[in-house]
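Report on the following structure.
Nothing here was measured: the structure is a model prediction, and the numbers come from that model. In this chain, numbering begins with 1 at the start of the sequence shown.
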Amino acid sequence: QYDRFPDLQKYLFHKYVDWVKTGDLAAEWADEPACKAYSYQADTDLFKAVCDLKKKGGVTAAAACCTACDAAQGCQAFTFFAGSCFLKNCGAGGGSGRAGATKALQGAVSGYKK
């Protein structure tokens, strides 16, 4: 019962709990090593209903989608919205990219490989 010992509780939280700064998108992005290969746009849905590769649910932060995209073969971009990563096989431009295929979506975060 670590809750009876504040010093022990503090120690265990710092050692075993990985806090994500979800209130600050730039800090969240900087804290996730996989996101260094991505650019992001806030309040944007990239390629809405176009180039959908797959959906990964149960995600708590947009930066986790960087890792999910890296793990999915052919993933070039994603949109994080409402606890899910919508992985896309379109890039930001050229090739299979769809220029102008973005929609404003409050609360969404989209990332694409640089």
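- For Ala61 against Glu28, the heavy-atom pair with the smallest separation is CB-OE2, 3.3 Å.
- Counting all heavy atoms, side chain and backbone alike, Ala63 lies closest to Cys35 at O-SG, 3.5 Å.
- Contact detail for Cys75 and Lys113: the closest heavy-atom pair is O-NZ, 3.2 Å.
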Would you be so kind as to tabulate the donor-acceptor pairs closer than 3.5 Å made by side chains of residues 79-88, with sequence neighbours excluded?
from  : atom 1 : to     : atom 2 : distance (Å)
Thr79 : OG1    : Asp45  : OD1    : 3.1
Thr79 : OG1    : Leu46  : N      : 3.2
Thr79 : OG1    : Ser110 : OG     : 2.8
Lys88 : NZ     : Phe47  : O      : 3.0
Lys88 : NZ     : Asp52  : OD1    : 2.6

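- At a threshold of 4.5 Å between side-chain heavy atoms, the hydrophobic network of Ile, Leu, Val, Met, Phe, Trp and Tyr places Tyr40 and Leu105 in two separate groups.
- Between Ser39 and Lys114, the shortest heavy-atom contact is OG-CG, 3.4 Å.
- Under the rule for a side chain to side chain donor-acceptor pair (under 3.5 Å), Asp43 has no partner lying at least two apart in sequence or in another chain.
- Under a 3.5 Å cut-off, the side chain of Lys56 and the backbone N or O of Cys69 do not form any donor-acceptor pair.
- Residues that satisfy the side chain to side chain contact (heavy atoms under 4.5 Å, CB included) test with Ala34, not counting sequence neighbours, are Glu32, Cys66, Thr67, Asp70.
- Heavy atoms only, all atoms of each residue included: Pro33 and Asp31 are closest at CD-O, 3.3 Å.
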